[in-house]
There are 2 protein chains.
Amino acid sequence: MTSTTSSGEIPLEARTLAERVFQQLQDAIVRGELPAGSKITEPGLAQTYGISRGPLREAMRRLEAHRLIEREPHVGARVVKLSMRELLELFDMREALESMAARLAARHMTTDEVQALRDVLVAHEEQGDLDQAEAYYQREGDLDFHYLIVRGSHNRMLMTTLCDDLYYLVRLYRTQYSARGGRPQRAFIEHHRIVDAIASGDEELAEQLMRRHVIAARQTVAERYAMSLDDDRDLSKSNGRALSRRTPSA
Amino acid sequence: MTSTTSSGEIPLEARTLAERVFQQLQDAIVRGELPAGSKITEPGLAQTYGISRGPLREAMRRLEAHRLIEREPHVGARVVKLSMRELLELFDMREALESMAARLAARHMTTDEVQALRDVLVAHEEQGDLDQAEAYYQREGDLDFHYLIVRGSHNRMLMTTLCDDLYYLVRLYRTQYSARGGRPQRAFIEHHRIVDAIASGDEELAEQLMRRHVIAARQTVAERYAMSLDDDRDLSKSNGRALSRRTPSA
DNA sequence: ATTTCCCTGATTGTTGACAATAACCATGAC
DNA sequence: GTCATGGTTATTGTCAACAATCAGGGAAAT
C-alpha cells in the first residue's frame, strides 16, 4: 500500500474488454499519447486495441462522463483540451473539495494513516533533494500526497470524485501544458504544516492550510500563463508555441 | 429561463437513442419508478424502451459513471441505494461545492441573475405559504434556488458536477427516503440572507452562509434518521419499514 | 469568380446473433 | 439432514453487418 501512482499497471482487475480499454484509453490520454484535442475515430481505435467497436463505444461513453473526451452526435469524439479558463475552474473545485478532504482527514484519519502520510513526505523530500532533475516522479508524488489525504477523509464519494475524476484532469493538464511541479521547497513546507494540523486533529487549521495550498498552486499557474503570454508577445511571430491553442495533427 | 425543474420534458435535444434512453432512465430512477436497489436487466429494459441492447448499454455506462447505477461484471446492474452514511457523505460534498459556488456567485453574478434569483425566492414563498401541502413543488423549487446560484458561479465545471451529478443523487435520496423539504420558513430566511450576501458581493459571507445552510440541512436529515430509528425500536417487530434496507422485488 | 447543389466517401448509430460467464436447482454422497 | 457437485437456464459480453448521418469535393448555374 505504498504508492497509488499509475505506471504501466493497467490490468488491476480488468475482467472485461470494455473495462480494460477504458483504463488503457484513460492512461493514454493522461500520458499524452493521445494528444489533447486530437480526434478519435472508432474504427481506428478498435483496430489499435484489437477489439470490436461495441466495447470500445462503452469505454468511450465512460470517458465522456469523466470529461476526458468530448463527443458530438454523428460527428465524432476528441480528447478534451483544457483552456486556461477551465484549468482555473478546476483549481476552484480542487480548493473546495480538497480543503473539505483535509478537514475530514483531521477528523477521521488513524495514527497509522498519518504515519504513512509522513513517510510519503520524507520520501519525496529525499528524492526531490537528491535528484532535482527527476521531477517526473515528484509530479506523481505530489498527487500521492493528496491521494493519501483524500483517502484519509474516509468519505468514499469524495474519494471517487477527486481520484477518479478530477485528478485525471489535473494530470492531463500537466502533460498538456508540459508543467512541472514548480515551487518545490515551499510546497514541502506547506505539506508539512498540513500534516501537522491533521495529526493534531485541528480541522479548522487543516482545511485552511489546504485551501491556501491549492490557491497558491493556482496562482503559480496563472502567473506562469501570464508570463508565457508575454513571451509570445515578445517573440512576435516566431515559433513561440509554448501555450498556443492550435490543434495538434491527428 | 424560468425553471429548471424536470417534469416529463425528456426530449430536449435527444438526437440519438442512447442519449434519449439515458435521460429517460435518469428520470425514471430519480422519480422512483425504478426503485433504489432494484435489479436492472438489459433485455427487460431494451423491450420496455423498444430499443436494442447496444444503445441501452451505452446509456447504462453513462449512468454508472454518474453513480446512479452500480454494476458488477457478468452479474448485472442495480439502481444505487443510498445508505445513511453515503447520504451524509453527499452532504459533505454539497457543503464544499455549494459554499464555493456561493462565493463565486458573489464574485461573478450579474444584476440580472441576482434579480432572477430574488424572483424565484418570492415565487417559492408565495407558493409555500398558500399551499403548504403542495410541498411537492417546493422540493424542486429548493433545487431551483441552488441551481441558480450554481449557474451564477459562472464555473462550468462546478455546474456540471453539481447539476449533472450530485443533484440527481439528492433527488434520488428524496424519493428513496420519502423526504419532504422540512423546516421551510427557516430555510426561506437563510435563502434570503444568502441572496443578500451575493447581491452585495460579500464573498466571505455568502460562502459562510451557504455552508451553514447545507450543514443545517444535513443535521435535519441526521436527526430525522435517528428519530426514525427510535420509532423502529418502539414498534418492535411490526411493519416499521420506514427506513429499512431490504431489497424491493424486481 | 463565386455560390449552390449534389454526389461520394467515410464515420457514426443501431441491430441481431453468437459466445462466455454466473446464478439457480436438483441430484447424489456422506 | 447437510453439504458438495453437476447440469440447465438466463443474463451478460462480444462481434460483424446494416442503416443513417455528416464532411468534403467537384460540377453546374448565376
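All chains are named by letter (A, B, ...) in the order of the sequence lines, taking the proteins before the strands, and each is independently numbered beginning at 1. What you see is a predicted model, and the numbers here were worked out from it, not measured in a lab.
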Chemist: Calculate the interatomic distance between B:Arg15 atom CZ and C:dG13 atom P; express it in whole Å.
Modeler: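 Atom-to-atom, B:Arg15 to C:dG13, this comes out as 10 Å.
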
Chemist: So A:Gly54, base contact, sugar-phosphate only, or nothing? Heavy-atom distance under 4.0 Å.
Modeler: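 Nothing, no heavy atom under 4.0 Å.
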
Chemist: Just wondering, more than 12 heavy atoms not from A:Arg71 lying within 6.0 Å of its CZ?
Modeler: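 Check passes, neighbour count above 12.
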
Chemist: Does A:Arg156, at its CZ atom, have more than 12 non-hydrogen atoms belonging to other residues, nucleotides or ligands within less than 6.0 Å?
Modeler: no

Chemist: Rounded to whole angstroms, how far apart are OH on A:Tyr49 and C1' on D:dT14?
Modeler: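 Checked: the OH to C1' distance equals 19 Å.
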
Chemist: Looking at D:dA23, D:dT12, C:dT14, which one has an atom nearest to any side-chain atom of B:Thr41?
Modeler: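 So the nucleotide nearest the side chain must be D:dT12.
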
Chemist: Within this structure, what is the CG-to-C1' distance between A:Leu56 and D:dT14, rounded to whole angstrom?
Modeler: 13 Å

Chemist: Between A:Gln47 (CD) and C:dA10 (C1'), how many Å, whole number?
Modeler: 15 Å

Chemist: Where each residue is assigned the nucleotide of DNA chain D containing its nearest heavy atom, which of A:Glu58 and A:His74 is assigned the position nearer the 5′ end?
Modeler: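 So the residue in question is A:Glu58.
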
Chemist: Test your reading of the model: is there a side-chain donor-acceptor pair from B:Ser153 to the backbone of B:Val150, 3.5 Å cut-off?
Modeler: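 Yes.
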
Chemist: Figure out the CZ/C1' separation between A:Arg57 and C:dT15, and round it to whole Å.
Modeler: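 Nearest whole value for this atom pair: 12 Å.
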
Chemist: Looking only at the side chain of B:Ser52 (C-beta and beyond, no hydrogens), which of the listed nucleotides C:dT14, C:dT15, D:dT14 gets closest?
Modeler: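 Minimum distance to the B:Ser52 side chain belongs to C:dT15.
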
Chemist: Calculate the interatomic distance between A:Arg61 atom CZ and D:dG13 atom P; express it in whole Å.
Modeler: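 Distance check: A:Arg61 CZ to D:dG13 P gives 17 Å.
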
Chemist: How long is the line joining CZ of B:Arg53 and C1' of C:dT14, in whole Å?
Modeler: 13 Å

Chemist: Would you say A:Glu19's side chain and A:Thr16's backbone share a donor-acceptor pair under 3.5 angstrom?
Modeler: no

Chemist: Grab the CD-P distance between A:Glu42 and D:dT21 for me, whole Å please.
Modeler: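 Whole-Å distance recorded here is 16 Å.
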
Chemist: From C-beta outward on B:Pro73, which listed nucleotide comes closest to its side chain: D:dG13, D:dC15, C:dG13?
Modeler: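 Closest nucleotide to the B:Pro73 side chain: D:dG13.
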
Chemist: So does A:Thr16 get a side-chain nitrogen or oxygen closer than 4.0 Å to the phosphate oxygens (OP1/OP2) of D:dT12?
Modeler: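 Answer no for this pair, as no side-chain N or O of A:Thr16 is under 4.0 Å from OP1 or OP2.
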
Chemist: So does A:Glu33 have more than 12 non-hydrogen atoms from other groups sitting under 6.0 Å from CD?
Modeler: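 Counting other residues, nucleotides and ligands, CD of A:Glu33 exceeds 12 neighbours.
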
Chemist: For a quick test of reading the model: is some side-chain N or O of B:Arg71 closer than 4.0 Å to OP1 or OP2 of D:dG13?
Modeler: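 Looking at the OP1 and OP2 atoms of D:dG13, one of them is under 4.0 Å from a side-chain N or O of B:Arg71.
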
